[in-house]
Amino acid sequence: MSTTQQLNLTKGTEAKSPGRWLALAVLVLAVLLVAVDATVLGLATPSLSEDLKPSGTQLLWIGDIYSFVIAGLLVSMGSLGDRIGRKKLLLIGATAFGAVSVLNAYATSPEMMIVARALLGVAGATLMPSTLALIRNIFHDRKERSLAIGIWGATASAGAAVGPVVGGALLQHFWWGSVFLINLPVMAALVLVGIKLLPESKNPVAGPWDLISVGLSLVGVIGVVYAIKEVASHGLTWEVVAAAVIGAATLYAFVRRQHTLASPLLDMRLFKHRGFSGAVLADLLTVFGLSGLVFFLSQFLQLVQGREPLEAGLAELPAAIGAVVTGLIAGRYARRFSVRAIVAGGLGAIGLALAVITLVHKETGYPLLGAALLVVGLGAGFSFTVTADVILSSVPKEQAGSASAVSETAYELGAALGIALLGSIVTGVYQGFATPAAVPADAAAAAHESLGGAVEATAGLAPDAATALVSAAQVAFVDGLRIAAGVGAAVLLATAVAAWFLLKGQKLEDGVEH
């Protein structure tokens with residue numbers, strides 16, 4: 001190695017790869033597809049149900065198993081990438097994602113579909129932490145890296161909102177399997193470009209991959225996420241409590257085991273860094289606010305205001321646009337002002353937008369809803385992007401995969417919490433509405449299950465009774481939405497205050513370069 005090269009390495013200004021921005025474009029496309037696949041199936045559920053005829057329980061597993069598996073394997077896959085090489089893991093995962101997408105598209109039974117979705121989750125878990133860790137190793141200039149992470153963060157934030165638009169557009173022209181086949185050309189491009197342009201990187205002293213820790217992480221996270229989601233759907237049952245207890249106990253065992261290993265799957269000492277812990281908390285609750293609002297406004301736009309799925313998806317685009325805009329400039333503003341100002345400001349913006357949703361009613365015009373979604377997107381772009389940068393900057397390069405996995409796990413848990421906790425509030429308020437007198441008992445029972453159930457329960461009812469039932473259900477849903485938005489606003493505003501103190505003195509330039 002020459003003296004000049006040594007000086008460059010010491011200063012952290014290694015030679016810039018000429019193909020780094022093309023490599024980034026492929027990486028963020030992979031992230032977009034993983035995020036889109038989490039929501040795109042929602043609109044395809046009716047036609048999929050007609051073809052495969054799953055039971056109610058099977059349909060829930062088809063919808064949930066993908067995110068369960070991703071959440072459970074992110075930490076393990078991030079650590080595996082640190083050991084065997086992030087490029088190698090990414091290319092293997094991309095190939096598997098494309099192949100399993102075909103299996104999803106042509107599934108012929110509910111059981112086959114559940115297995116295919118689970119396998120897609122395994123492949124997705126290899127992609128998310130690898131992409132962020134590779135960005136850390138492709139972009140050595142801190143300002144360029146902040147911009148690259150901004151593009152990555154904007155794509156991840158926007159993916160959930162883009163899913164319904166993509167799904168709606170495809171389902172107007174093709175069968176439900178098309179929502180999976182769109183993955184093939186992107187994954188093929190990722191593999192072909194990745195082989196040539198992506199650098200290999202790994203932790204040279206990572207040690208063996210502890211399979212016991214992998215199992216504890218998988219069982220623990222899936223148990224907790226399952227319990228959170230089931231509370232929203234079915235309330236507090238003994239199965240939910242059992243899943244929560246098993247999940248929490250297993251995660252405790254996982255943490256204890258990491259402290260005893262010479263080469264842990266996840267270095268728990270990272271959480272002693274105040275900036276790292278504060279960024280992870282902000283990460284989680286940013287997505288909590290974003291996913292909760294997008295999920296429930298989707299139902300509001302379709303089932304209360306009567307919009308078509310594609311129209312509802314397009315109506316939610318301001319959230320994606322806002323996330324992209326601020327994601328691209330977040331690093332620059334964090335340096336001009338401060339990390340804590342940008343993160344706390346972003347969280348505060350989401351909190352204020354949720355507070356505005358407490359004012360909605362059935363006839364609320366789109367300008368107010370669109371403005372709230374835009375502000376949520378702007379806040380999420382600022383907060384999520386800067387926290388991802390802080391998380392990566394808080395650890396040595398060798399641990400980039402593990403740190404990225406923590407960020408991604410916070411993302412998945414935040415999405416689950418946003419939908420489940422806010423959902424339990426909406427459901428609790430909704431189920432208390434008074435059924436109009438002319439509605440039979442069986443239709444009333446179906447109507448109290450969900451707003452969609454109320455719409456379906458009107459079949460066969462007299463026009464006056466049907467109108468009264470739907471109207472009462474819609475009013476109850478909007479009441480629940482307003483209360484949930486108020487709770488979400490309080491949580492986000494409190495987190496903004498906490499982030500202001502936790503991120504005191506944190507700078508993007510303070511990264512540890514080893």
**Request:** List in chain and number order the residues that pass side-chain contact (heavy atoms from CB on, under 4.5 Å) with L261, two or more places apart in sequence or in another chain; answer none if no residue qualifies.
**Result:** D210, S213, R257, Q258, P264
**Asked** Heavy atoms, side chains only, cut-off 4.5 Å: are V390 and V386 in contact?
**Response** yes
**Asked** Shortest non-hydrogen contact from T387 to A282?
**Response** CG2-CB, 3.7 Å
**Message:** For L27 and L90: C-alpha separation, side-chain torsions, deciding distance, then whether side-chain contact (heavy atoms from CB on, under 4.5 Å) applies.
**Reply:** CA-CA 9 Å; L27 291 177; L90 180 73; 3.4 Å; yes
**Message:** So which atom in G381 and which in A330 form the shortest heavy-atom distance, rounded to 0.1 Å?
**Reply:** O-CB, 4.1 Å
**Fill in**
Note: A355 and A489 closest approach over all heavy atoms is N-CB, 3.6 Å
**Prompt:** Would V491 and L285 satisfy side-chain contact (heavy atoms from CB on, under 4.5 Å), going step by step from the backbone distance to the final call?
**Reply:** CA-CA 8 Å; V491 171; L285 289 171; 4.0 Å; yes
**Message:** Applying side-chain contact (heavy atoms from CB on, under 4.5 Å) to L120 and F97, what does each step give before you reach the verdict?
**Reply:** CA-CA 6 Å; L120 198 65; F97 201 90; 3.9 Å; yes
**Asked** In chain order, what residues pass the side-chain contact (heavy atoms from CB on, under 4.5 Å) check against V186, with sequence neighbours excluded?
**Response** L29, L33
**Complete:** On a heavy-atom basis, the closest approach of G346 and F382 is CA-CB, 4.4 Å
**Request:** Would you mind listing every salt bridge (charged side-chain N to carboxylate O under 4.0 Å, His left out) that reaches into residues 481-494, with sequence neighbours excluded?
**Result:** D479-R482
**Complete:** Rounding to 0.5 Å, atoms CE (M187) and CG (L91) come to a distance of 11.0 Å
**Request:** Show your reasoning for whether side-chain contact (heavy atoms from CB on, under 4.5 Å) applies to I212 and L216.
**Result:** CA-CA 6 Å; I212 294 177; L216 290 173; 4.1 Å; yes
**Request:** Determine whether V280 and L284 make a side-chain contact, defined as any pair of heavy atoms from C-beta on separated by less than 4.5 Å.
**Result:** no
**Complete:** Interatomic distance, CD1@I222 vs CD1@I246, rounded to 0.5 Å, equals 12.5 Å
**Message:** Quick check: closest heavy atoms across G278 and L502, and the distance to 0.1 Å?
**Reply:** CA-CD1, 3.9 Å
**Asked** What residues form a side-chain contact (heavy atoms from CB on, under 4.5 Å) with V241, not counting sequence neighbours?
**Response** L236, V245
**Message:** Using only atom types and a distance under 3.5 Å, with no angle test, would you say the side chain of S383 pairs donor to acceptor with the backbone of G379?
**Reply:** no
**Message:** Taking side-chain hydrogen bond (donor to acceptor under 3.5 Å, both in side chains) as the cut-off, I'd like each qualifying pair that reaches into residues 238-252, sequence neighbours left out, listed once.
**Reply:** T237-E239, Y252-R256
**Item:** Test item: R117 and V69 side chains (from C-beta on) under 4.5 Å apart, heavy atoms
**Value:** no
**Request:** Would you give the length of the straight line joining atom CD1 of I92 to atom OG1 of T126, rounded to the nearest 0.5 angstrom?
**Result:** 8.5 Å
**Prompt:** At their closest point, which heavy atom of A248 faces which heavy atom of V224, and how far apart are they?
**Reply:** N-CG2, 4.0 Å
Give the table of side-chain donor-acceptor pairs shorter than 3.5 Å for residues 109-116, with sequence neighbours excluded, one pair per line with atom names and distance.
residue	atom	partner	partner atom	Å
S109	OG	M112	N	3.1
E111	OE2	Q58	NE2	3.1

**Request:** List in chain and number order the residues that pass side-chain contact (heavy atoms from CB on, under 4.5 Å) with A499, two or more places apart in sequence or in another chain; answer none if no residue qualifies.
**Result:** V343, L347, L503
